[in-house]
J.: 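Can you keep this structure in mind? I'll have questions shortly.
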2 protein chains.
Amino acid sequence: MQSFALLKTQIRKYKLTPTYYFCLHLPTNNSNMSEKRALTMKDIARELGVSASTVSRALKDSPLISPDQRERIQRYAREHNFLPNELAGSLRLSHSAPSKLIGVIVPQFTHYYFSTILSGIEEQASLRGYRIIAAQSKERFEHEEHICQSMLGLRVCGVIVSQAKDTTHYEHYQQLMNAGMPLVFYDRICTGLNTNRVVVDDYMGAYNAVAHLIQTGCRRIAFYGSDMHLEISKNRYNGYRDALLKAGISPDDSLHLICDNRADAEIITPELLASANPPDAAFAVNDDTAIGILYTVKRMGLRVPEDFSICGFTNGERAIACDPPLTTVEQRGNQVGKEAVDILLDKVEGLTPMNKIEKRVVKTRLIIRGTTRPINP
Amino acid sequence: MQSFALLKTQIRKYKLTPTYYFCLHLPTNNSNMSEKRALTMKDIARELGVSASTVSRALKDSPLISPDQRERIQRYAREHNFLPNELAGSLRLSHSAPSKLIGVIVPQFTHYYFSTILSGIEEQASLRGYRIIAAQSKERFEHEEHICQSMLGLRVCGVIVSQAKDTTHYEHYQQLMNAGMPLVFYDRICTGLNTNRVVVDDYMGAYNAVAHLIQTGCRRIAFYGSDMHLEISKNRYNGYRDALLKAGISPDDSLHLICDNRADAEIITPELLASANPPDAAFAVNDDTAIGILYTVKRMGLRVPEDFSICGFTNGERAIACDPPLTTVEQRGNQVGKEAVDILLDKVEGLTPMNKIEKRVVKTRLIIRGTTRPINP
DNA sequence: AAGGAGTATGCAATCGTTTGCACTACTAAA
DNA sequence: TTTAGTAGTGCAAACGATTGCATACTCCTT
C-alpha cells in the first residue's frame, strides 16, 4: 500500500485533489449532481443586490425592512418558488427550537390497526405543521434499535413508538430520552419504563362486549387471548371476567384459551366444541381469531349467531367482509394516533412540562353486527 | 403601535433582549429545552483535548489519525452513544451528496394496497440506508401541493408519489424536478408528465383472471370497473375484452358496468341478475366490489361458485375473510414499492442517468380460491 | 548538521439560515 | 448646528460536520 504522506506531498506539489480523499470516500463523481440545485437566500441576495440577512428578514415580514424592499424580495421569492432550507434553519436554531420532524416506529405498516394509528399520527402532525419519519420494526428488536439510532442521528423532535413483540431491553429508548427527546408509546407499551402512553380501554372494551353476549342470552363464553404476560391480554381478560361475575357467572378456566390467530383458532375450536360442556359463545382478542372461530363453527354445522355467538376486537376491514359480518370492538386507531401526537408536541412546544408523564386511555366502542343475536328476545 | 427604533435604542442602552424579537417570534421561553441536548463532536473534542477535525477523522477511521488516538476517541464516542448530526452533515455536503431522506406521498395509509406499497418502500429504503418521510394527500389536491412544498423545504433526495384522484395540474411536481429531485410515480401515474413510474400489469392481470373464468366454464362474464378515463380501468377492461375474444366470445356492452365499490355493487347486481340474459360470472376491478357482488349473489339464492363465479383484484385482507374466500388478482404492492425505491435511488446515487426515464411493470399473480370453480371439470 | 520524507494534528472555511450588534443616513427638536 | 432619535442595512458569528491546507514534530539520509 502506498504511503499517504508521499501522496500528500505530491498533491501539494502538483496541486492535485488529495488522494487520500478517494481512499476514504468512494469517488463521488455523481454526474447527476450539480446540474440543478434549490434556490437559497444567498442567491436571492446576490440577484437583488442586498445581503442575506435582509432577505431572511424580508421573507419573515420583519418590520425592520422597508415596505418596498420587503415586497420586492417577497415577489422575487414567490416568482422563483423559493423555499427556505428547513434543515439549515433547524440546525441554526437547534438550541432554541427543535426540528419539525417526528419519528414514528410501527411494528408493521400493513397491519390494519397500525395503519389507522399511523394515519391518525400523520393527520395530526400535519395539522400542527410537522412531518413524520416512519419506519417499521417488522417485529425485530435489532431493527427497532437501529431505527432509534437513525432517529437520534436525524435529530427528530420526539418519537412515537409501539414495541416489537420481542423487545425486552430498553437502553435504546433511554438513549433517546437522554438526548432530550420526548417519547410516547402506543398500543404496545414498554413496561420497563415509566413513560407517556396512549392505550385503548381494553378492560371496558372487553367488559362491554361480554356484557352484550350475556345480554343476548349467552352463558358459556370462551375467551381466546394471547399469552397473559402482555398487558393487552391481561386487561381484556379482566374485563371478560368481571362482566361474567357481574352477571353471576363464575369464570371457567377450561374456557380460557391461549390463542390469538386464525390458524390456531381453527385447530383449537373443534376440540372445544366437541367437549362435554361446550361454550355457546366466544370473545376473541382480535378479528383474525374471531373469523377463524366463525368459519370453524359454521363448518361444524352450527348456525351463527343462532347457535353460537362471536365477538372480535379491532374492527378492521375484515369485520364487514366475513359472513355474517362480525360484531367487534372498535379500537379507534385514528384517535390513538392523534392523542399520541398531542402529548408529544405539547411537550416539544413547551405547553406541558417534560417531566410530567401523560397516560391516556382511548374509549372503545362496541360495533354490533351479525355474529351476535339481537338484543330483544 | 410603539416604534421599533425606540425599542431598539432602549434595548441597546439597557442591554435588554431586543423587543422586536418578541414581535416576530412568540417568546420561546420553552422551559423544556436546554436541559439536555445531544452530544456533538465539539463536546467530545473539548472533553478529550483535541480538535473537532481530529474527532471527525477518528470516527471515520481515517488513517491520518494515530491508532491509539483513534481508539481513544472511538471508545469515548461508543461509551457515550454518540451519533453524528445527520442534518449538519448533509448540509455541509449538500453540493456533493444529497440527504438520505426520501419523500413519500400516499393518497391514504389505511387503504390496504397502499399500505403494502408503503411497506415495500420503507423496507427497501431502509435496506439501502435511507429513511422515509411519509405523508397522506387524503385525495385532496391542495394537501398534495402542500406536501410537495414541505418535501422541497426538507431537501429530501427524491420523491415517490401516487396522485390524489382530483389532481390535474402538476406545477408542484415540476417544482421538485427543477430543484433537481428525481420523481417516481406509482399506481396513479401523472399522465401530463413523462416521468419514472411503476405500475402493475393491469392488462395481463385481467386477462389471466378472465381466461381462468372461461377455463372453468363461465361464458357470460360481467365487468365491474371504474370510470373509463382512468388508466387502470382502461387496461383492465382491455385485458378482459381480449381474453373473451381469444375464447371466441364477443364482449356484450350490457355486461360492462361502471361500478367500483361494494355499496354500488349491491344495488346494481340484483337488476343484472334479474335481466333476460343474466351473467354467470363477474370480474371486478377491486376486492371491495367483488365482495359486494358475492354477498348479493348469495342473498339471491345462487351458489358461489357452482352457479356464479367471481374474481376480484387486489388480494387484500378481506379476500380471505369472506365466505367462500375470494379468487383475486394479487397486486404485489410490496414489489411495486421496492422497484420505485430502486429507480429513485439509482438516480440519486448516480448509477442511472437523471434524464433517463424508467417505466417498470410489476407482474400480477392470480390467486385461485373459493369463488371460482376448480379447473378439472 | 541540514534537508527531506513522513506522521499526526489543528485551523479555517464551507453548507444555508438566523440574529445580535454596528453602522449609515436620515429627520426633528433644541 | 448640534444632538438625539429613528429607519433600514450589512457584518459576522453561530448551529455541527467535513475537509483542504498549514503546521509541528519525528526520523532518516546524506
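In what follows, chains carry the letters A, B, and so on, assigned in the order in which the sequence lines appear, proteins first and then strands, with residues in each chain numbered from 1.
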J.: Please tell me whether Gln74(B) and Asp61(B) have a donor and an acceptor in their side chains that are separated by less than 3.5 angstrom.
T.: yes
J.: Using a heavy-atom cut-off of under 4.0 Å over every strand shown, decide if Val55(B) touches base, sugar-phosphate, or nothing.
T.: nothing
J.: Compare side-chain N and O positions of Gln69(A) against OP1 and OP2 of dT9(D) and report whether any pair is under 4.0 Å apart.
T.: yes
J.: Could a donor-acceptor pair under 3.5 angstrom be found where the side chain of Arg57(B) meets the base of dG10(C)?
T.: yes
J.: Ignoring hydrogens and angles, state whether a donor on the side chain of Ser56(A) or Ser53(A) is under 3.5 Å from an acceptor on the partner side chain.
T.: no
J.: Between Glu144(B) and Lys138(B), does any side-chain N to carboxylate O distance fall below 4.0 Å?
T.: no
J.: Would you check if there is a donor-acceptor pair between the side chains of His143(A) and Gln136(A) at a distance under 3.5 Å?
T.: no
J.: For a quick check of understanding: with a heavy-atom distance under 4.0 Å over all strands, which category does Ser66(B) fall into, base, sugar-phosphate or nothing?
T.: sugar-phosphate
J.: Can you confirm whether the side chains of Arg155(A) and Ser99(A) place a donor and an acceptor under 3.5 Å from each other?
T.: no
J.: Can you find an N or O donor on one side and an acceptor on the other, under 3.5 Å apart, linking the side chain of Ser53(A) with the base of dC11(D)?
T.: yes
J.: For the helix from dA1(C)-dT30(D) to dA30(C)-dT1(D), what angle lies between the axis at the first five pairs and the axis at the last five pairs, to 10 degrees?
T.: 80°
J.: Does Ala38(A) or Ala52(B) map to a spot on DNA chain C nearer the 5' end, using the closest nucleotide for each?
T.: Ala52(B)
J.: Who are the ring-ring contact (aromatic ring centres under 6.0 Å, His included) partners of Tyr173(B), not counting sequence neighbours?
T.: Phe185(B)
J.: Would you say the base of dT18(D) and the side-chain of Arg92(B) have a donor-acceptor pair closer than 3.5 Å?
T.: yes
